Amino acid sequence: MKIATEYLLLAIAAFIIAVAIVAATLAVKAKKGSIGKKNISTKQLTTLGVMSALSIVLMVLIRIPFPTAPFLEYDPADVPILISTFLFGPWWGLLMTAVVSVLQGITVSVSSGIIGIIMHIAATGGFVITAGLIYKRGKSIKRAVIALALGTVIQTVLMAGMNLVFTPIFMKTPLETVLAMMIPTIIPFNLIKAGVNAAITFFVYKFVSRAVSKIFD
């Protein structure tokens, strides 16, 4: 019961903070004239806040160690971010990525510090921009598949590169050790993680989209 309460409080806190950050960003953009008032809606603000909170809760509740390297853990935290990207576009997805990455970095993933935040923003952000820009040009099943597939590849490549840069620093491990882990562990793990999240997004996106429309429209 205590753990469930902690998760609930974390979700509520994440939602409030996410809504506040998104609202402040929207307000600044509207003031500068970079977006029109018609683009700012209760639907968009609330959905982004709820999805941000859901991302953090999923990251806490579902953590599956990779068999050959238990310190690498799968979590579906990127799924709400990808769904939000398909709903509202790549730039809102990137904003949500930054918000969620910082919130995770100062709460449930505090041990990874600034390095974890940077890696999450870069990797998920690369996925979001790639998939979001492709899907935005034509919202079809074919484009969704292409967008998610290319996003998966981009995230895997970015994580491989960042592991070469940051893992020796973060884990105080020789670069040679990281290179030796690249093909048997790091690349397969990130490919599987991104691929599973892409597949989940593909199958649940329409359901979430209809639910959002039903609630707000």
Side-chain angles (χ1 to χ4, degrees), residues 10-11 13-26 28-29 34-35 39 44-60 62-63 73-110 112-136 144 147-163 165-166 190-191 193-202 204-205 208-209 212:
L10 176 61
F15 172 74
I16 293 173
I17 295 172
V19 167
I21 294 174
V22 173
T25 303
L26 291 174
V28 170
K29 285 180 175 291
S34 57
I35 59 175
N39 291 327
Q44 185 170 335
L45 185 62
T46 305
T47 303
L48 289 170
V50 169
M51 287 296 189
S52 297
L54 179 59
S55 178
I56 294 173
V57 172
L58 287 174
M59 194 262 194
V60 174
I62 304 175
R63 302 173 73 99
E73 295 180 322
Y74 165 80
D75 68 75
D78 284 353
V79 172
I81 298 175
L82 293 171
I83 291 174
S84 298
T85 298
F86 277 11
L87 283 173
F88 303 117
W91 307 114
W92 297 118
L94 185 60
L95 171 62
M96 184 175 166
T97 298
V99 171
V100 170
S101 297
V102 172
L103 288 175
Q104 289 183 353
I106 62 177
T107 55
V108 294
S109 299
V110 68
S112 61
I114 187 65
I115 291 178
I117 294 174
I118 292 172
M119 291 181 71
H120 191 182
I121 291 176
T124 301
F127 195 145
V128 161
I129 294 299
T130 302
L133 288 175
I134 293 172
Y135 188 69
K136 184 180 180 181
L148 292 168
L150 288 179
T152 297
V153 173
I154 292 297
Q155 182 170 346
T156 302
V157 171
L158 286 170
M159 284 303 296
M162 286 187 294
N163 269 284
V165 174
F166 291 115
N190 285 289
L191 189 61
K193 179 179 179 179
V196 169
N197 286 339
I200 295 173
T201 300
F202 179 80
V204 305
Y205 167 68
V208 174
S209 179
V212 169

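Residues take their numbers from the sequence shown, with the count starting at 1. This structure is a prediction, so every number in the text was calculated from the model and none was measured.
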Taking every non-hydrogen atom, the tightest pair across [X] and [Y]:
| X | Y | value |
| --- | --- | --- |
| G93 | I81 | O-CG2, 3.8 Å |
| S84 | M96 | OG-SD, 3.3 Å |
| Q44 | F88 | CA-CZ, 3.8 Å |
| G195 | T152 | N-CG2, 3.6 Å |
| P90 | L133 | CG-CD2, 3.7 Å |
| V128 | T97 | CG2-OG1, 3.7 Å |

Rounded to the nearest 0.5 Å, how far apart are [atom1] of [X] and [atom2] of [Y]?
| X | Y | atom1 | atom2 | result |
| --- | --- | --- | --- | --- |
| L158 | T124 | CG | OG1 | 10.0 Å |
| I83 | L54 | CD1 | CG | 8.0 Å |
| I121 | L94 | CD1 | CG | 8.5 Å |
| T130 | L150 | OG1 | CG | 7.5 Å |
| Q104 | M59 | CD | CE | 4.5 Å |
| W92 | T47 | CH2 | OG1 | 12.5 Å |

TODO: Classify the angle between the aromatic ring planes of Y135 and F86 as parallel (below 30°), tilted (30 to 60°) or perpendicular (above 60°).
DONE: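 Rings of Y135 and F86: parallel, under 30°.
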
TODO: Check whether any side-chain N or O of S55 sits under 3.5 Å from a backbone N or O of A77 as a donor-acceptor pair, and report yes or no.
DONE: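 Such a contact is found between S55 side chain and A77 backbone.
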
Please tell me if the side chains of [X] and [Y] come closer than 4.5 Å, counting only heavy atoms from C-beta onward.
| X | Y | result |
| --- | --- | --- |
| L87 | S209 | yes |
| N163 | N190 | yes |
| F127 | D78 | no |

Task: Verdict with supporting geometry, D75 and K193, side-chain contact (heavy atoms from CB on, under 4.5 Å) - done: CA-CA 8 Å; D75 68 75; K193 179 179 179 179; 3.6 Å; yes

